Each structure stands twice: as C-alpha cells, then as structure tokens.
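To keep things clear, I will list the structure first and then write my remarks on it.
Everything numeric in this text was worked out from a predicted model, so none of it was measured. Every chain is numbered from 1, with letters handed out A, B, ... down the list of sequences.
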Amino acid sequence: MALRLYDTKTGAIRDFQPLEPGQVSLYYCGATVQGRPHVGHVRSAVAFDILTRWLEASGYRVLSVRNVTDIDDKILEKSAASFRPDFQPQADYPAADPWFALAYRFEQAFTSAYDALGVRRPSYEPRATGHITEMHALIARLIEAGHAYPALDDSGDVYFDVRSWEQYGELTRQSVEDMQDAPDVDPRGKRDPRDFALWKGHKPGEPDSASWESPWGRGRPGWHLECSAMSTKYLGATFDIHGGGLDLRFPHHENELAQSAAAGDGFARFWMHNGMVTFAGEKMSKSVGNTISPEDMLAQARPTAVRYFLGQAHYRSQLDYRPGALQEAEAAVERIENFLSRALPQGDFAAVSELPQSFRDAMDDDLNVPAALAALHETVRAGNTALDRGEDASGAAGQVLAMLDVLGLRDVPEPDGGSGGPALEALIHLVQAQLERRAEAKAAKDYATADAIRSTLTAAGVEVEDTPSGASWSLRSGAAHG
RNA sequence: GGUGGGGUGGCCGAGUGGCGAGGCAGCGGCCUGCAAAGCCGUAUACGCGGGUUCGAUUCCCGUCCCCACCUCCA
C-alpha cells in the first residue's frame, strides 16, 4: 500500500505522490507568539512531526517549514499594556517589553515546549517580520492582477478583493453569500465586508518599530499574507502539503489559498488539518480560558507519556483531555518499556529492525496512529509471550524500537535519563545495599525482613521487582537499573 | 442561516456489510514465598426510529444530541 492522505480541500483521501520524486515539501502553521503555548499548539506540532517522521521512514527527504507570526494586534496590545502605569506583572508577563522582545520571549517558550516533547525542528522556521519584501512583491502582483486594492479611506490598508476571485470559498466549500456577517462588522474602506487585509496601515500610537515603508504607505503585514509569502519563498510556487489546526481552515487558509491562487501560484497540493484538543468536550483556547499548558501535563506524567497521549488519537480526531488520561498513557508506555528491558537486557537500543507490515499499512492509511499502536502492542505481546517461553525476542524488540522511532517516542528527553551525577550514584549504591540485604533475607526464608525492606524502598519511591536474574529496581518514573 | 466532523463495551479509541482492533481499568486463572512484571481467559459495545439486504454498528431516509468554523485562535 502506498501513502494515502486526507485532503481537506477535496474532502477525500487521495494517493500521495510528491511533486518531485523523493522529496516532500511541507508547510505548516506555527504559532502567533502572543502568549505561552498550550497543549493544543503542541498537539498540532506532534501531528506534523509524526507525518514528517513517517515520510522519512518511507524514504522521502522532507523539506519542512513552520512559521512564527511575530507581529499582530495582540502582540502590540500586550506590549503596549505592559508600559502603562497600571501594569501588573504576571507569570506570563513579568515585565514591560517592547513588542519584538515579547514576541521573542514567547517564541522561546514554544520552542522549549516542542523540544520537551521530542518535536523535531523544521528545516526552516521563518518569522513574519523578516519577509516584508516578499509580502510587498505579492501584494503588487495581486493589485496588478486586479485582485487587491488600497483602502478606499485613508487608512493605508490594502485589501484582497473577495468578489474578484470567484473561487473564493473553495477550500471550505462555502459561498460568500452564505457567510454570516460578523456582528460588529466594520466596513472601513472595503468594497465588501469580507475583504481581508493584506497590509495594515500604521495607526497613531503604534510604535514606529512595528511598521515598514511600502508603496501603499507605512504599515505592517496582515496575518494571512505572511504564510503565502513564506511558504512559496522556501518551497516554491507549488508545494506538496500545507498543514495546520482545523481552526485555521477558515479564514486563514482560505485566504492564503485565495491570495496565492489569484496571484497565479499553484500553492498547496494537499491540505491537512489536525483536530482540536478539547477539555471536557470544549475546545481549548485562550479566549475560553480552559487551557492546559505542556508544563501542567509534564508535572503529571513523564514526557514520553505526554507525547504518547498527544499522539495516540487519529490526528484528525478531536482529542479530549480528562483527568487520568495521562496516567493511562503512562501505563501504556511502561508496558512497552518493560518489554524492551526484558527483551534487551544489555540495553542494545540501537538494534532497530524492519517495521511490521501492519504498522506500515496503518501509517500509510492517512496516518492511522491508533491502528499503528495496535500493531505495536501486538508486537509487544508476541515478544513477551516468546520471552515467557524462554525464547529470544530481540527481533520483536527491534521492531518495537523502529515503531517508536516513527512515532517519535524515543526522542523525548527524560529528566532521569540515566546519566547521573553524584546524588544518583549515591542512590544506586544505597539501593544496591538494601537489595543485597533483602536477597540474604530471602535466601534465609526470612520473608518478613525481605518484605519490610521492599516496602521501605517502595515508600521512598523505589519500586522493586524480582526477576529470574535477581531483583531489579526503578524510580517511580524513571529508567530501570539492574 | 451556511459549512465540516462526530455519537462504538466502565473509560479512551480504531474499524468493518457477515468471522466484532488496541490501550487503560475490573474480574478469574497461570507464574511468584508474597508481590510486581508477564501470559491466558472474561464483558448484554456500536444515539434513536424506519428502510435496503440472506445478513447492518458499517449503506439509505428520518430524528435527537454534541463539537468545530463562518471574528483573533494549533
């Protein structure tokens, strides 16, 4: 089976073939860095990270771009607010910052969150403010083609003319007539209320640093334009996949498509959208205030378990967070890890082997990760059965390692990752001494003493397991030690 | 009003016109000095009402409910 992907634009699963053999160009929308990330942002990144890994496992070279929107209304507003006399420092906004510093601080928070969950960095990560020239060129092409116009008032805005582009609405299969008018629609200098800004004229009171000269007056980029400008700059006028969260489908992606297509670019061949993360059934978002941060999750469970949770549902499904979900994910991850430490007691985790066909088929089927995980767990069970019979299971272990690589579950940095420091060294010696005492007690059939030692260790967060080759122990959430 | 996606066993979550994934939790068994881990077994699951069919959770019609987008949003 070859790779098939769901394309939002056609609403169908289609065979995927890249434009250029052997190479896939992928653009997906990153964050507007106006605040700290929540897990919804990270879920999207995990979804496209898994896509990238699967494409690479399938033999493609992947050229990936994820943008950073580092200027927008909210960034400017928050920065401006931080300079007012009534500014109250908060955890999110500890100090007064110029807009660019504020944006960069949050960009770093996003980077940290991605890194903490093993999301590999894209090939390029361009910022909107670094691509003003490309945006001007695109605006000029649109004006030239009769699809954009300077605002009819003196605002200095430049708008896309929705009525001039009859395909407008094709991505989300909506007609302009049926669209609900915004309740507080402000027509400004627009020909049609649905026309959207390509360029926003500089407003009095906004910092000079947040505007650039242009043929249409000083101003700054509109949100939708940047993605058109940057994706085609780095990937070409036509590229393979454009991704992002489902909430970006309209208006953001619809507008991108309109701009680029009206300018004559082929633009994206496939549109992929990940489902939302919900909390108690409701979309997680800043405006609702029901967000959970990656840090919140990492305080509850190991990074690998958090990543497993975020990746386990199909990427197009809604992912509902509820208490206990992370503990379930942790149990599933530990089951896999227990098998690996049984099957590979020497810790030979480089012995990666071929992927099972059932796993490949599942991933080829529009990245059916739930079915791929079923293949993974079946391999684990078969391996455990072999071990129970006294047979070798290194082959199954190698397959498990390969599957974990595709899912990105081996790239997640673990805080207790084995390398130690003096405190861990001391701990290892102390635990070993206790286990030796316990082994002596067991040999003497003094089970009362043996159990007392074990419960003392358990109470200290050290879990003890007896195996045919002696006792092994692990910290309550950490790597096993012989 | 428009557009798109859903309602699957205690929970999560795939999938399919007929042999009912997988995980987590529970119960029984094997193993263990006891545990843990592991293995085996186990459950009246497919919102509701019709229809098509030899047979529907899967197709069609109707109906109820939920979510997302139409405004900044991964």
Side-chain angles (χ1 to χ4, degrees), chain A residues 8 11 28-32 34-35 37-48 66 69 72-74 77 110 169 171-185 194 223 243-252 254 273-278 281-288 308-309 312-314 316-320 322 324-325 327-336 338-339 341-342 358 362 365 368-378 380-381 383-389 442 445-448 450-451 454-455 458 463-468 471-472 474:
Chain A
T8 311
Y28 70 99
C29 286
T32 300
Q34 48 107 344
H38 63 248
V39 293
H41 299 114
V42 182
R43 192 255 176 124
S44 182
V46 166
F48 289 101
R66 180 182 61 212
T69 300
D72 87 321
D73 291 346
K74 283 187 181 169
E77 281 165 22
F110 272 84
L171 180 65
T172 49
R173 292 185 282 281
Q174 303 181 89
S175 71
V176 175
E177 283 71 21
D178 289 335
M179 289 178 194
Q180 197 172 60
D181 289 334
D184 57 342
V185 64
R194 292 161 196 85
W223 176 39
L246 193 57
D247 52 354
L248 297 185
R249 227 162 41 116
F250 192 94
H252 185 52
E254 188 74 70
H273 291 99
N274 63 273
M276 298 292 98
V277 178
T278 57
E282 200 175 9
K283 179 185 162 189
M284 193 176 284
S285 71
K286 291 243 161 170
S287 47
V288 179
Y308 184 98
F309 168 73
Q312 68 178 347
H314 186 98
R316 285 194 279 123
S317 299
Q318 180 172 295
L319 177 65
D320 194 45
R322 79 221 117 74
Q327 282 63 45
E328 289 178 15
E330 191 145 301
V333 165
E334 279 175 7
R335 172 179 161 75
I336 297 164
N338 286 339
F339 164 64
S341 41
R342 284 183 80 197
S358 55
D365 182 17
N368 191 338
V369 171
L373 283 172
L376 194 162
H377 281 108
E378 275 162 14
V380 167
R381 174 153 30 76
N384 273 321
T385 301
L387 288 168
D388 284 354
R389 287 202 208 101
K442 279 179 68 178
K445 301 230 187 300
D446 178 5
Y447 294 122
D451 289 351
R454 182 169 63 190
S455 55
T458 303
E463 287 177 353
V464 177
E465 288 179 28
D466 291 325
T467 72
S472 81
S474 59

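When the side chain to side chain donor-acceptor pair (under 3.5 Å) test is applied to A/Thr69, the partners found at least two apart in sequence or on another chain are A/Asn67, A/Glu226. A/Asp446 pairs by the salt bridge (charged side-chain N to carboxylate O under 4.0 Å, His left out) definition with nothing, not counting sequence neighbours. Taking A/Glu328 as the reference, A/Arg322 meet the salt bridge (charged side-chain N to carboxylate O under 4.0 Å, His left out) condition, with sequence neighbours excluded. Evaluation of the side chain to side chain donor-acceptor pair (under 3.5 Å) rule for A/His252 yields A/His224, A/Glu256 as partners, not counting sequence neighbours. Shown here are the salt bridge (charged side-chain N to carboxylate O under 4.0 Å, His left out) partners of A/Arg66, two or more places apart in sequence or in another chain: A/Glu125. Every residue two or more places apart in sequence or in another chain that forms a salt bridge (charged side-chain N to carboxylate O under 4.0 Å, His left out) with A/Asp247 is listed here: A/Lys283. For A/Arg249, there are no side chain to side chain donor-acceptor pair (under 3.5 Å) partners, not counting sequence neighbours. Residues satisfying the side chain to side chain donor-acceptor pair (under 3.5 Å) test with A/His41, not counting sequence neighbours, are none.
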Subject >> Nucleotide-level pairing of RNA chain B, given in dot-bracket where Watson-Crick and G-U pairs need both distances under 3.5 Å and | marks other strands >> reply: (((((((..(((.....[...))).(((((.......)))))....(((((..]....))))))))))))....
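We find that NE2 of A/His314 is positioned 20 Å from P of B/rG22, with the value rounded to whole Å. At whole-Å resolution of the value, CZ in A/Phe309 and C1' in B/rC24 are 13 Å apart. Between the P atom of B/rU71 and the CG atom of A/Asp247 lies a distance of 14 Å, rounded to the nearest Å. At whole-Å resolution of the value, CZ in A/Phe110 and P in B/rA74 are 7 Å apart.
Heavy atoms of A/Thr8 sit nowhere under 4.0 angstrom from any nucleic acid atom. Counting any heavy atom pair closer than 4.0 Å across all strands shown, A/Glu378 reaches sugar-phosphate atoms only and no base atom. As judged by a 4.0 angstrom heavy-atom cut-off over every strand, A/Asn384 is placed among residues touching the sugar-phosphate backbone only. Using a 4.0 Å heavy-atom criterion, one finds that A/Val277 contacts the bases of the nucleic acid, with or without backbone contacts as well. Base engagement by A/Gly40 is indicated by at least one non-hydrogen atom pair under 4.0 Å involving a base atom. Nucleic acid contact class of A/Gly275 (heavy atoms, under 4.0 Å, all strands): base.
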Subject >> Footprint string (nucleotides 26-37 of chain B, 5' to 3'): B base within contact, S backbone only, - free, heavy atoms under 4.0 Å >> reply: -------BBBBS
Original post:
Just by protein heavy atoms under 4.0 Å, how would nucleotides 1-6 of chain B read 5' to 3' in B, S and -?
Top reply: BBSS--
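Of the C1' atoms belonging to B/rC27 and B/rC64, the separation is 36 Å, rounded to the nearest Å.
Counting atom types as modelled, A/Lys283 pairs no side-chain N or O with a base atom of B/rC67 as donor and acceptor under 3.5 Å.
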With 3.5 Å as the limit, what N/O pairs link the protein to nucleotides 8-12 of chain B?
unit_1, atom_1, unit_2, atom_2, d
B/rC11, O2', A/Arg322, NH1, 3.2

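Taking the side chain of A/Asn368 as heavy atoms from C-beta on, and the options B/rC72, B/rA21, B/rA14, the nearest nucleotide is B/rA14.
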